Colleague: 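Have a look at this one.
In what follows, chains carry the letters A, B, and so on, assigned in the order in which the sequence lines appear, proteins first and then strands, with residues in each chain numbered from 1. Keep in mind that the numbers below use all heavy atoms, side chains included, and drop hydrogens, waters and symmetry copies. Predicted, not measured: the structure shown is a model, and the values here were computed from it.
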Amino acid sequence: MARIFMKGCEANAESAVRAGCRFFAGYPITPQNEIPEYFARRLPEVGGNFVQGESEVASVNMLYGSAQTGTRSMSSSSSTGISLYSEGISFMASARIPAVVVNVVRGGPGIGAIQPAQQDYLQATKASGNGGFRMIVLAPSTVQECVDMVYEAFDLAERDDNPVLILADGVLGTMMEPVELPEMKSDEEVAALKAKYYEKAIVGHPITDRKLGVPGSVGTGQEIRNIEAAAMYKTWDKDIRCEEYMTEDAEIILASYGISARISKAAVKDLRAEGIKAGLIRPITVSPFPYDVFKNLDFDRVKGILDVEMSIPAQMKWDVEYAVQDRLPIHECLRSGGQIMTKEKVMEEAHALVKEVL
Amino acid sequence: MMKKVYARTTGIQDKVSGFCPGCMHGTVHKMIGEVAEELGIMDRLVRAEGVGCCGLGQNYVSYDTTISPHGRACAMATGMKRSNPDSIIYTYQGDGDLASIGLAETMHAANRNENITVIFINNGIYGMTGGQMAPTTLLGMKSTTTPEGRDPEKGQGYPMHMCEILNQLTGPYYLERTTCTDPAHVRKTKAAIKKAFQNQIDGKGFSMVEIVTSCPTNWGMTPLKAVDFINSDMLKEYPLGVFRDRSKEEKEAE
Ligand SMILES: Cc1ncc(C[n+]2csc(CCOP(=O)(O)OP(=O)(O)O)c2C)c(N)n1
Ligand code: SF4
Ligand SMILES: [Mg+2]
């Protein structure tokens, strides 16, 4: 298939359409406006629906409504907007509704800076809303990965009957890269997906076969539902994805995800050129998190970890610390508030770590 | 030969409802079921339920039902209807749900003339949570959060009139306010509900029936006293009538 040059947000949206997404609702917020704008043009061409919601609160509930019909449905927003999605995402997780949500993160808290950041890690991976539910959270580091992950996210959501979150950032959203777009699902395939969902869909059934969408229940019902959901989350070990780069003989490990990991990778190459045995661990699924990759490090060989994130305070570091406990020193290399990580900064912090531990 | 002239609607399950004695929620549920039967839409019917005493209906009605976050039923119904136009979708919402927390969703669904039916239960109070002030609570009316009676001088605002407010918009197709205090008004309400569903079947757009009802429990009245209170007080603040009926305008234009 031909490679074409595309902006991250638009590639994201086109990939969703190709996956069979036929509904999008969203509210304008930088740096993800190109996603709704692309859907507004594109969805009518394929018989889908685009709605500009009056708010994020409305948009996420439009998503919730559409997804219940078995129509592949998506929404995107950024940071402060995603906070307003919390209740809706929590309801979808409770009612076990498949949907895809994209967070093109900016530098919060509050309204934050509109420039790229990775400031929503804990919200995304631990508590995107009330009630202790979990989601698979995919963290792309290239536009191609955005495309592939969005395409796959719908399958994951339907497999688990659970929302899936794509944790992107303003760099990925706005930069252009050559991408290979996935295959366009035919109208028949899209219709078949919806038909397959009919047994669960809230679309009107004969009363002998009524469907009840339940975001909560009385009596023992809620506990049973929570037990079922928790059991489903436990099946996610097989979904854990992680890139390990030059870790076989590494003495220091850079831990980083998304766009920061890409910058870290460049730093690893330069460190190696200097004779420093550096490696990179890049969680691709940040939920479920690849704890075992960190737990199984050779702690006799590896002497320290550098946690690289565009977030202050550090957030992913919590997960890294949870995995390695106090077996290794973990240094931080952080930028925030829309300040983009640079290779120079990573090199500087890596040198400081090397000085201390090697 | 005996002839069956009246039967329980298949739109509600063979169960006792959870509503309090004298509550009009039950009457409205029955009418919706009857209308769905008469229009032959029962197997296409979807209830997008708000949060409030309406929640007691989810295991009482017999057709597909989903539960929205408090106030968001019109947004949820928008997504459902857009993605599955064959369904006949109605939201069922209280005054706290529709006119307070969900005001924006209600206004904008009406403004887009979303092709949905809205059944709005105006009982002037937050029933489910135990009788707090609603946007529709009458001036002077006592609630647990206006223990001395609702007083605008105390920053508690004025009753909100949703039919009149929505009637300011160009979008909505049909807006009517009714009540259920006696058989004649029950019949009128049923006719309004039927029209609101027929409009959706015909693809006409946003149709809302606001039903002024009682909440004997939280009003602290017997069911009969509550009916009297509707007639003596509620209907003064909330006059009955058709506020918008674009089908009439369409007929006149013909
Ligand atoms: C986000 C959120 N806030 C508050 C509540 C609590 N709550 C449940 S029902 C209700 C009020 C319902 O009042 P109304 O809509 O008038 O319905 P009624 O019970 O009177 O029929 C409230 C505030 C909730 N469920 N969700
Ligand atoms: S609390 Fe009021 S509104 Fe709720 S069921 Fe009882 S009477 Fe009806
Ligand atoms: Mg009420």
Colleague: Give a yes or no answer on whether the side chain of B:D64 reaches the backbone of A:G204 with a donor-acceptor pair at less than 3.5 Å.
Modeller: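 Looks like yes, one N/O pair under 3.5 Å.
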Colleague: Between B:N84 and A:K194, is a side-chain contact (heavy atoms from CB on, under 4.5 Å) present by the stated rule, with each step listed?
Modeller: CA-CA 10 Å; B:N84 209 66; A:K194 188 168 178 179; 2.8 Å; yes
Colleague: Could you tell me which portion of A:S55 (side chain, backbone, both or neither) has an atom closer than 4.5 angstrom to a non-hydrogen atom of chain B?
Modeller: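 Side chain only.
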Colleague: Please round to the nearest 0.5 Å and tell me the distance separating atom CG of A:L212 and atom CD of B:E49.
Modeller: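 So the gap between those two atoms works out to 8.0 Å.
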Colleague: Answer yes or no: are there more than 12 heavy-atom neighbours, outside A:Y27 itself, under 6.0 Å from its atom OH?
Modeller: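 No.
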Colleague: Which heavy-atom pair separates B:R82 from A:N49 by the least distance, and what is that distance?
Modeller: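 Between these two residues, the closest heavy atoms are O-ND2, 2.9 Å.
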Colleague: Need one label for B:R44: side chain, backbone, both or neither, based on atoms under 4.5 Å from any heavy atom in chain A.
Modeller: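 When you check distances to chain A, only backbone atoms of B:R44 fall under 4.5 Å.
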Colleague: Between atom CD1 of A:I202 and atom CE of B:M76, what is the distance when rounded to the nearest 0.5 Å?
Modeller: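 CE of B:M76 is found 9.0 Å from CD1 of A:I202.
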Colleague: So which atom in B:S83 and which in A:T69 form the shortest heavy-atom distance, rounded to 0.1 Å?
Modeller: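 The answer is CB-OG1, 3.5 Å.
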Colleague: Distance check, rounded to the nearest 0.5 Å: A:M62 atom CE versus B:H108 atom NE2?
Modeller: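 Those atoms lie 9.0 Å apart.
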Colleague: Under 4.5 Å from any heavy atom of chain A, what part of B:T10 do you find: side chain, backbone, both or neither?
Modeller: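 Contact with chain A: backbone and side chain both.
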Colleague: List the atom of A:Y64, the atom of B:P69, and the distance in Å for their closest heavy-atom pair.
Modeller: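 In terms of heavy atoms, the two residues are closest at CE2-CD, 3.9 Å.
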Colleague: Looking just at side-chain N and O atoms, do B:T65 and A:R210 make a donor-acceptor pair shorter than 3.5 Å?
Modeller: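 A donor-acceptor contact under 3.5 Å links the two side chains.
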Colleague: Can you say whether A:A58 sits under 4.5 Å from chain B via the side chain, the backbone, both, or neither, judging by heavy atoms?
Modeller: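 Both parts, backbone and side chain.
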Colleague: Could you tell me whether A:I111 atom CD1 has more than 12 heavy atoms of other residues or ligands within 6.0 Å of it?
Modeller: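 No, CD1 of A:I111 has 12 or fewer neighbouring heavy atoms, counting only those of other groups under 6.0 Å.
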Colleague: Is any side-chain heavy atom of B:M107 closer than 4.5 Å to one of A:E54?
Modeller: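 No, their side chains stay 4.5 Å or more apart.
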Colleague: Between B:G11, B:A73, B:G79, which has the largest tally of heavy atom pairs under 4.5 Å with chain A?
Modeller: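 Heavy-atom pairs under 4.5 Å are most numerous for B:G79.
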Colleague: Less than 4.5 Å to any heavy atom of chain B: does that hold for the side chain of A:S66, its backbone, both, or neither?
Modeller: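 Backbone plus side chain of A:S66, per the 4.5 Å heavy-atom cut-off to chain B.
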Colleague: What part of A:F50 gets closer than 4.5 Å to chain B, counting heavy atoms only: side chain, backbone, both or neither?
Modeller: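 For A:F50, the contact with chain B is made by the backbone alone.
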Colleague: Under the salt bridge (charged side-chain N to carboxylate O under 4.0 Å, His left out) definition, can you give me all pairs with a residue in residues 89-100 of chain A, not counting sequence neighbours?
Modeller: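 Listed once each, the pairs would be none.
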Colleague: Got a sec, which pairs hit ring-ring contact (aromatic ring centres under 6.0 Å, His included) with one end in residues 77-97 of chain B, sequence neighbours left out?
Modeller: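 Found B:H25-B:Y92, B:H29-B:Y92, B:Y90-B:F197.
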Colleague: Got a second to check how far B:M80's CE is from A:N61's CG, nearest 0.5 Å?
Modeller: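 So the CE of B:M80 and the CG of A:N61 are separated by 11.5 Å.
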Colleague: Name the region of A:A67, side chain, backbone, both or neither, that has any atom closer than 4.5 Å to a heavy atom of chain B.
Modeller: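 Neither; nothing under 4.5 Å.
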Colleague: If I measure from the heavy atoms of chain B, does A:V60 come under 4.5 Å with its side chain, its backbone, both, or neither?
Modeller: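 No part of it gets close to chain B.
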Colleague: By a 4.5 Å heavy-atom criterion (distance strictly below it), what part of B:R112 contacts chain A: side chain, backbone, both, or neither?
Modeller: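 The side chain, not the backbone.
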